[in-house]
Structures are given as C-alpha cells and as structure tokens.
Participant: 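Encoded as structure tokens, here's the structure I'll be asking about.
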Protein chains: 2
Amino acid sequence: MTTPDAAAGSALGAAAARLRVAVPSVADRVAAELRLQLAEGALLPGARLTESAIAEDLGVSRNTVREAFAELAAERLVVRHPNRGVFVASLESGDIHDVYTVRRAVEVSAIRAGGSPERVAAVRAAVEEGKAAAAADDEEALGTANQHFHRAIVAMAGSRRLDTIMAQVLAEMRLFFHKATVDAHFYRGWLPDNEEICQALEAGDPDRAGDLLLAYLDRSEERQAAVHGD
Amino acid sequence: MTTPDAAAGSALGAAAARLRVAVPSVADRVAAELRLQLAEGALLPGARLTESAIAEDLGVSRNTVREAFAELAAERLVVRHPNRGVFVASLESGDIHDVYTVRRAVEVSAIRAGGSPERVAAVRAAVEEGKAAAAADDEEALGTANQHFHRAIVAMAGSRRLDTIMAQVLAEMRLFFHKATVDAHFYRGWLPDNEEICQALEAGDPDRAGDLLLAYLDRSEERQAAVHGD
DNA sequence: ATTGGGCGATTGTTCAACAATCCGACGATT
DNA sequence: AATCGTCGGATTGTTGAACAATCGCCCAAT
C-alpha cells in the first residue's frame, strides 16, 4: 500500500488529470481568494485592486497576483485599465440586458432539452432548499438557493461549457447585487415561479417550463433595470 | 494641434477606454500571435507549447508568455497540465456534443429574437459571401464565410457577451477542423441551408428561421461526430 | 481659469535564480 | 528477462528585484 494511486492509476488515464490530487497553484489560490471576497461583497464594484497591496497581504509575489488577475479578467469579474490597474467590474445598465440575454439563451435552451429524471430531481431539490430558507427567514440562503435552482436547470443540458458560462454569469450578477442592495421581499417573489417551473418539468412538459422560465427572466430583468436607475 | 485627442477627450469619457490608441500589451500580442498560429493550423491539437521556446522565438520574457497562456487557457484554446506544460486543446468526441449544445443555445436564441433590418442585412451579406466563395472554388473563403454567417446570426441579439461566447466556440471548432480535415463537398452542403434561413429572416419569420437553424445544427453535429470516429 | 511642467506612484516587462515536479534512462533485484 | 527503484536532466512554478513607461495630481506660471 505504499503507492496506492500508482496501482490504480494504470487503469485510469484522462481521469487522472481531472482527479489530480488537487494542489491548485498559488495563482489559482489567490484568484480563489479574490473571487471569494468578490462574492461576499468585501470588494465592491469599482474598487481598485493594487498589485503590490494584494501581493503583500497574501504573501505572494506580484507576478503571481498578476496571473490571478488574468484569470479574473477572463471571467469578467475584474477589468484591466492599461497602465492604471485593475478594478472590480461594475455592471452598467446596458450590461443588465446583456447578461439577461445570455441567461435567456442558456437557461431556456437547457430546460427545453428535457433532461433525465435525476436532473429534474436536482431542480426539485433546489426548489425545496429555497422554501426551507424562506421558512427560516435566511436571506443569504435564499439567494444561494435561487442560484442553485438556475444552475440545476442549466445542468439539465449536461454540457460542461454551458455550466461554466452560467457560473460566470451568476458570478457577475452576484457582483451587481452587492452594488444595489435589494429589499427582502424581492427574493421571495420568485419562489412560486420556481415551484411552477419545476412542476411543469416533473409533468414532462419542458416546453411549458421553458415558456414560464422565459417569462420569469423577462420580469426579473425589468425589475433589475428599475432598481438600477435605468 | 499638438494634442488633438486631449482636446477631443474632454467631451468623451468611457469611449476613451474603448478607442484607446490601441497599444495592446506585449502579453496580448503574444496571445494574438499564438491564436493566429492556432487558427491557421500551424499548431496542431495536442502539440506542446514550451514557455522558453516561445519566449525566445518572440523575443519576450517567459513571464509574459505565461500571461499569454493564461488568456488562451481561459478561451479553452489551450489546456494547462500542472507542472507539465500547456498543450493545444484537442476536442474529444464528447466535446463535439458539448460545443453544439452551446451553439444551439446561443444561435437559436439569437435568431428567434428577430433583430433589426441592418442585422438581417449582415446575415444576407454573409450568405452572398459564401456563394461568391463557392463560385470561386475557394475553400478557405468558404469556411470563413460560414463563420461570418453564424456570427451575424448571433450578432442579431446585440449582446457583447453572446458575441464573445460565439467567437470562442468558433475558435474551438476551427481547432477541431484542423485535426480531421473534411472533404470539399462537406462545405458546400450548408449553402442552401444558409440561404433558406436567411430568406425566412427576411420574410419576417424568425421562428421558422430558428427551426431551420436548429435542424441544421443537429445535422451538422451528426456529421461531425461521424467524421471524428464517434 | 487654463496651460504646462515636474513628481510620485503604479503598472508593464524583463531577468535571474531556486524549489518542485515530471519524464526517461539506467541499473539492481527477483 | 521483466519489473522496480533511483538518479539526472529538463521544464514548470514562484520569487524577488530591477527598470522603463505611463498615469494622475499638485503646483507654478501665464
């Protein structure tokens, strides 16, 4: 038992690359840390990220921070202003429509494709998660439950690329939420929508589910545009 | 007239960032160069890219090459194997379905949205471009004309994010084409499809255009899967 | 009030070095 | 002879320091 993975590894191959004992590079860890701070609102949109400050804070080299910035910039979480620095991305009113256009394309397409029973079950689980959070009056959990719901919908398509696109869009939206804090009632609004969409799925009517989802996204965009002083 | 942009710049603002006299950073230029070589098949899928070799070839630092790699990796044109190097991405048979899933989502959604007359005109232009290329027996031009067609369709949605997603997917597909060279007849097949789709658009029937496009994408995926040893 | 010129700070890029890791070859063991 | 450990070379990952280029800003001069 001195080399357990070597013994098992012979049979594997491509899987090895995916399973990799997971020792993310330092740059990846820096990016992850920044992503976290971005997600929980510690870094607000428009804020500047100084290379040297972050390098010192996290105890890494400036070059490494720079690589992490490249990752985040590719995810649009951060924008680079040449010779001026990187800033936390901030969505303009035009970006709202843009983001929702992507969501309509990705989510509706995925839900219309149907999806296996297990995938539908995952959607149901997200709906219940949301109800539980509502019952517990946990706004935070309510928000993440909603994201789980929409990610579960996209996951129905079974496409890695679609999943990452969705993940990026949701990350962008999270950024936006922190800028304009929405009231508590806002979150509860979509609970019935999710339930109805899920029921349509369970009833084996993905087209209807798609229509409902589309209508929901349109309404959601309107509300967002209104909140964000259009 | 010593500082023309400064005089004009006062009235501008956000536009300045976009118009920026266009001095891409060295890392960006390296990435662009590699993207070019990738596109024209100078670097085949699976090929290894050594940092030091490229750094020396292009006369830049290893760190800069590294940053360029980060860009390309974010675009999935290249994959990083930790401690082993970066390799030109190579699509597996599973990736084919994945890529087409994204295309179905993006393209069909965009075309169903309708789009202004100018945007439809752009689609028409791409169709004619394809016909001209076919008449001239120019395979290369035929391929790019087809890409223009599909990009014009996505452009109908008027979403920057959707445009870049489509650009990335097309770049991935181009990579794939180089791996398995397809015969000349393959390219001509879709000319009538494009024409029909375009006519539906011009007739003001985006839903029909969407159905046609969807059918085309399904057929295209099948063909690709067949060519690429399913 | 506007123009113009430094000035400090930060980024862009390079270079050199070192540890960590991987690959392949060579040699030892059964 | 085949397998296993080990060693060495090569490449990546990361660091630290250095320097030029650029930007924003303050301030002086007109």
Side-chain angles (χ1 to χ4, degrees), chain A residues 1-10 12-14 16-17 19-34 46-73 78-88, chain B residues 1-14 16-17 19-33 46-73 78-88:
Chain A
M1 283 272 272
T2 58
T3 58
D5 5 273
S10 62
L12 305 177
L19 290 180
R20 278 203 81 65
V21 211
V23 254
S25 81
V26 176
D28 287 336
R29 268 175 293 166
V30 171
E33 169 63 22
L34 292 177
R48 180 171 180 186
L49 301 179
T50 335
E51 293 183 355
S52 41
I54 295 179
E56 199 172 353
D57 276 8
L58 303 182
V60 300
S61 168
R62 237 186 79 204
N63 268 325
T64 304
V65 173
R66 192 160 253 276
E67 258 191 80
F69 280 169
E71 270 190 51
L72 299 178
V78 121
V79 292
R80 282 187 111 120
H81 286 232
N83 287 316
R84 300 196 10 128
V86 317
F87 301 80
V88 178
Chain B
M1 285 273 267
T2 59
T3 59
D5 6 273
S10 63
L12 304 177
L19 291 180
R20 273 199 87 64
V21 212
V23 256
S25 81
V26 177
D28 288 335
R29 269 176 292 165
V30 171
E33 169 65 20
R48 179 174 181 182
L49 301 179
T50 338
E51 293 183 355
S52 39
I54 295 179
E56 199 172 353
D57 276 7
L58 303 182
V60 299
S61 167
R62 239 185 81 205
N63 269 327
T64 304
V65 173
R66 192 161 252 276
E67 257 192 79
F69 280 170
E71 270 189 53
L72 299 178
V78 120
V79 291
R80 282 189 111 118
H81 287 231
N83 288 317
R84 303 199 9 133
V86 317
F87 301 79
V88 179

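Numbers restart at 1 for each chain; the letters A, B, ... are given by sequence-line order, proteins then strands. The figures here come from the full heavy-atom set of this structure, side chains too, leaving out hydrogens, waters and symmetry mates. Remember, predicted model here, so these are calculated numbers, not experimental data.
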Participant: Would you tell me if any nitrogen or oxygen in the side chain of B:Thr64 comes within less than 4.0 Å of OP1 or OP2 on C:dG12?
Facilitator: no
Participant: Atom NE2 of A:His81 and atom C1' of D:dC23: how far apart are they, to the nearest Å?
Facilitator: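 Atom NE2 in A:His81 sits about 13 Å away from atom C1' in D:dC23.
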Participant: Distance check needed: C:dT21 P versus B:Arg80 CZ, whole Å only.
Facilitator: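 B:Arg80 atom CZ is separated from C:dT21 atom P by 16 Å.
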Participant: Is A:Arg84 close enough to C:dT11 that one of its side-chain N or O atoms is under 4.0 Å from OP1 or OP2 there?
Facilitator: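 Checking C:dT11 against A:Arg84, no side-chain N or O comes under 4.0 Å of OP1 or OP2.
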Participant: Which heavy-atom pair separates B:Glu71 from B:Ala31 by the least distance, and what is that distance?
Facilitator: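 Scanning both residues, the minimum pair turns out to be OE1-CB, 3.6 Å.
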Participant: Nearest-Å distance, CZ (A:Phe87) to C1' (C:dT10)?
Facilitator: 10 Å
Participant: Would you name the heavy atoms of B:Ala68 and B:Ala27 that are closest together and state the gap between them?
Facilitator: CB-O, 3.6 Å
Participant: Return the value, rounded to whole Å, for the distance between atom CZ of A:Arg29 and atom P of D:dT14.
Facilitator: 7 Å
Participant: How long is the gap from CZ on A:Phe87 to OG1 on A:Thr50, to the nearest 0.5 Å?
Facilitator: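 Between A:Phe87 CZ and A:Thr50 OG1, I get 8.5 Å after rounding to 0.5 Å.
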Participant: Is there a donor-acceptor pair closer than 3.5 Å between any side-chain N or O of A:Arg66 and the backbone N or O of A:Ser61?
Facilitator: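 No, because the side chain of A:Arg66 does not come within donor-acceptor range (under 3.5 Å) of the backbone of A:Ser61.
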Participant: Roughly how many Å is it from CD in A:Glu56 to P in D:dT15, rounded to a whole number?
Facilitator: 14 Å
Participant: Return the value, rounded to whole Å, for the distance between atom CZ of B:Arg66 and atom C1' of C:dT14.
Facilitator: 15 Å
Participant: Does a side-chain N or O of A:Arg62 approach OP1 or OP2 of C:dT13 to a distance below 4.0 Å, or not?
Facilitator: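 No, A:Arg62 has no side-chain N/O under 4.0 Å of OP1/OP2 on C:dT13.
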Participant: Identify, between A:Val65 and B:Leu49, the residue whose nearest nucleotide on DNA chain D lies closer to the 5' end.
Facilitator: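 This one resolves to B:Leu49.
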Participant: Among A:Leu49, A:Val65, A:Leu34, which residue meets the side-chain contact (heavy atoms from CB on, under 4.5 Å) test with A:Val86?
Facilitator: A:Leu49
Participant: Does A:Ser52 place a side-chain N or O at less than 4.0 Å from the phosphate oxygens OP1/OP2 of C:dT10?
Facilitator: no
Participant: What's the CD1-P distance between A:Ile54 and C:dT10, to the nearest Å?
Facilitator: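 A:Ile54 atom CD1 is separated from C:dT10 atom P by 13 Å.
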Participant: How do A:Asn63 and A:Gly85 order along DNA chain C: which one's closest nucleotide is nearer the 5' end?
Facilitator: A:Gly85
Participant: What integer distance in Å separates A:Glu51:CD from C:dT10:C1'?
Facilitator: 8 Å
Participant: From C-beta outward on B:Asn83, which listed nucleotide comes closest to its side chain: C:dT11, D:dG13, D:dG16?
Facilitator: D:dG13
